[in-house]
There are 2 protein chains.
Amino acid sequence: MEKIDLPRRTVYRLSLYQRCLQKFRETGVETVSSEDLAGAAGVKPTQLRKDLGHVGQFGTRGLGYGVTTLSEAISGILGLSILQPVVMVGVGNLGSALLRYGGFRREGFEIIAAFDSDTEHVKSTTEEMGVPVLPVDQLAAYVQTHGVRVAIIAVPEAAGQSVADDLVEQGVKAILNFSSAVLSVPEGVMVNQVDLAAELGSICFFAS
Amino acid sequence: MEKIDLPRRTVYRLSLYQRCLQKFRETGVETVSSEDLAGAAGVKPTQLRKDLGHVGQFGTRGLGYGVTTLSEAISGILGLSILQPVVMVGVGNLGSALLRYGGFRREGFEIIAAFDSDTEHVKSTTEEMGVPVLPVDQLAAYVQTHGVRVAIIAVPEAAGQSVADDLVEQGVKAILNFSSAVLSVPEGVMVNQVDLAAELGSICFFAS
DNA sequence: TAGATTGTTAATCGATTAACAATC
DNA sequence: TAGATTGTTAATCGATTAACAATC
C-alpha cells in the first residue's frame with residue numbers, strides 16, 4: 001500500500017463522492033461526468049477533477065467516469081474496501097445516537113464495540129444498541145486485541161485527553177473527537193475535531 | 001448593528017474563544033494573554049490576535065485581555081448576548097441526542113421547539129425532551145410567529161431540501177444541516193453542513 | 001526605564017477556480 | 001471528423017504564520 005499524502009479537504013470530499021457514487025450505482029447509472037457527480041456532491045466539477053487528479057486517472061475523456069470503477073477506487077484509497085472496525089468511547093446522548101444511527105456500515109466501517117465509565121449505562125444499553133457496550137477499563141485491552149486503529153470519542157470534556165492517551169498508546173491512528181477537549185496527540189495520529197456547540201454558535205453570527 | 005464581514009473560520013474560532021473565556025471566568029481569572037487563551041482553544045497566539053484584529057481592539061499591550069470584557073465583546077459580535085432562539089427539525093436519533101445534550105444554553109442559544117413528521121414520535125418525546133415537540137406541519141407557522149432565524153436540520157436526506165425551503169421562506173437565515181442532503185438556498189442564507197459519515201470516512205484514510 | 005504583549009503588516013502556505021490542451 | 005469531457009497547468013483566492021514596531 002503506497003502512502004499517498006492528500007489534503008484534508010480532498011479526503012473529506014472523496015468520502016462524499018463515494019456516497020454519491022453508491023447512490024448512482026443503486027439507480028443503475030453506469031457512467032457519470034464530472035459535472036453530474038460534482039453536482040450530486042455539491043461541489044464544482046473542476047474541484048472534483050482536481051481531487052481525483054491527486055490520486056490517479058479514472059475517467060475517459062469525452063465520456064466520464066465508470067461508476068463502479070471509480071467507487072471501488074475511492075474505497076481503496078480511503079481504506080474502506082475492507083470493513084473498518086471502529087470503537088466508540090462514551091455512550092451518553094451523542095454516543096448512543098451515533099450507535100443507533102447505523103448508516104455507517106454502508107459507508108464501509110462498523111462500530112464493533114462501545115465503552116462507558118458508567119456501569120449502569122453499560123448494563124442498560126448493551127442490548128438496545130446492537131453492539132456490545134463494555135466498561136471503559138476494558139478499552140485498552142480490547143483495542144489491542146482487535147487491532148483497532150480508528151476511534152470515536154464522545155465523552156465529557158474532562159475525560160477526553162485521558163481517553164485519547166489510552167487509545168493512542170494501544171495503536172489507534174485516527175480519532176474523531178466530539179468532546180470539546182482540545183486533544184494533544186503525537187505526530188502521526190490524526191484527530192478530527194467536531195465541535196457541535198461551536199458549530200451552532202458560529203452560524204448564529206450569520207443570522208444577524 | 002454594523003454588519004461586519006468575517007471569514008467563516010474566524011467566526012468558528014470566536015465561538016471557541018468564547019467558551020474558553022467562560023471557563024477562565026468561572027475560575028476567577030481576570031486577565032489572559034493571547035498565549036494563554038490560544039493555548040486553551042488549541043490555536044496559535046498569532047492566529048487569535050489576527051482573529052480579534054478583524055473585529056476591533058480589546059487588549060492592553062504588555063498585559064493581555066480582560067476576560068469579562070473580551071467575553072462580552074465576542075458574545076455581542078456573534079449575536080449571542082441575547083439568548084438566540086433555535087428550532088430543531090427532526091427528532092430521530094441525532095436530533096433527540098442534540099436536544100438532550102442541553103449544554104447549548106450556556107453557549108447563548110436555546111432550542112425552543114422541535115418538529116417531527118412521525119406523530120408517534122411527537123407524542124412520546126415531548127415530555128422527556130424538555131422542549132415541545134410538534135408535528136412538522138406546524139413548523140412554518142411557528143417559525144414565523146416566533147421570529148426564529150436559526151434552525152437545525154436533522155431529518156433524513158430525502159426530506160432535507162423541502163424542510164430548508166420552508167425554513168427559508170419563513171425568514172430563517174442560518175441553518176446547521178446534519179442531513180446529508182446538499183441544500184440549495186438563496187443568497188444571504190448561511191448553511192453549515194456537518195456530515196458525520198463523511199467525517200468518519202475521511203479519518204479512516206489517515207489510519208492507514 | 002525595562003519587560004511584556006498587543007495590533008498589524010508582510011510572507012507563506014494551501015486550497016479553489018479558470019482555462020485549455022489532450023484525447024476519447 | 002466533430003463534440004464532449006477529462007487531466008493538468010497557471011491564476012486566484014483566502015487563510016495561516018512570522019516578524020516587529022507600537023505601547024502599556
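Chain letters run A, B, ... following the sequence lines, proteins first, then strands; residues in each count from 1. Below, each value reflects all heavy atoms present in this structure, side chains not excepted, and no hydrogens, waters or symmetry copies.
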Could you measure the distance from the CD atom of B/Gln193 to the CZ atom of B/Phe178? Nearest 0.5 Å is fine. 10.0 Å
How long is the line joining CZ of B/Arg8 and P of D/dT16, in whole Å? 13 Å
From the set C/dT6, C/dA19, D/dA10, return the single nucleotide nearest to any side-chain atom of A/Arg49. C/dA19
Measure from CG on B/Asp36 to P on C/dA4 and round the result to the nearest Å. 14 Å
Tell me what A/Thr46 touches on the nucleic acid: a base, only sugar-phosphate, or nothing, going by heavy atoms under 4.0 Å. base
If you find the nucleotide of DNA chain C closest to B/Ser33 and the one closest to A/Thr60, which residue's nucleotide is nearer the 5' end? B/Ser33
So if I take every side-chain heavy atom of A/Tyr65 and compare against D/dA18, D/dT16, D/dG7, which nucleotide ends up nearest? D/dG7
Taking B/Gln161 for the side chain and B/Ser184 for the main chain, is one N or O donor matched with an acceptor at less than 3.5 Å? yes
Rounded to the nearest angstrom, tell me the gap between atom CG in B/Leu37 and atom C1' in C/dT6. 13 Å
Between C/dT16 and A/Arg13, is there an OP1 or OP2 to side-chain N/O distance shorter than 4.0 Å? yes
Look at the side chain of A/Gln47 and decide which nucleotide, out of C/dT16, C/dA21, D/dT17, has an atom nearest to it. C/dT16
To the nearest Å, how far apart are A/Leu63 CG and D/dG3 C1'? 12 Å
Between B/Asp166 (side chain only) and B/Ala140 (backbone N and O only), is there a donor and an acceptor less than 3.5 Å apart? no
Counting a pair only when it is Watson-Crick or G-U and both distances are under 3.5 Å, which runs of at least 3 such pairs involve DNA chain D? C:3-24 with D:3-24
Using a heavy-atom cut-off of 4.0 Å across all strands, would you classify B/Gly64 as base, sugar-phosphate, or nothing? sugar-phosphate
With distance as the sole criterion, is a donor-acceptor pair present between the side chains of B/Gln22 and B/Ser71 under 3.5 Å? no
Ignoring hydrogens and angles, does a donor from either the side chain of A/Arg9 or the base of C/dA15 sit under 3.5 Å from an acceptor on the other? no
So which nucleotide from D/dT16, D/dT8, C/dT6 ends up closest to the side chain of B/Ser34? C/dT6
Rounded to the Å, how far apart are A/Lys50 NZ and D/dT12 C1'? 12 Å
Looking only at N and O atoms, is any donor in the side chain of A/Arg61 or the base of C/dT23 less than 3.5 Å from an acceptor on the other one? no
Separation of B/Gln57 atom CD from D/dC24 atom C1', in whole Å? 13 Å
Hey, are B/Ser180 and B/Asp195 close enough side-chain-wise for a donor-acceptor pair under 3.5 Å? no
Would you indicate whether B/Glu35, at its atom CD, is surrounded by more than 12 heavy atoms from other residues, nucleotides or ligands within a distance under 6.0 Å? no
Ignoring hydrogens and angles, tell me if any N or O in the side chain of A/Glu199 forms a donor-acceptor pair with the backbone of B/Asn192 under 3.5 Å. no
From CG of A/Leu70 over to P of D/dT6, roughly how many Å is that when rounded to an integer? 11 Å
Going by atom types only, do A/Ser81 and A/Glu72 share a side-chain donor-acceptor pair under 3.5 Å? no
Result for 5'-nearest mapping on DNA chain D, choosing between A/Glu35 and B/Pro7, is A/Glu35
Can you measure B/Lys44 atom NZ to C/dC13 atom C1' for me and round it to whole angstrom units? 12 Å
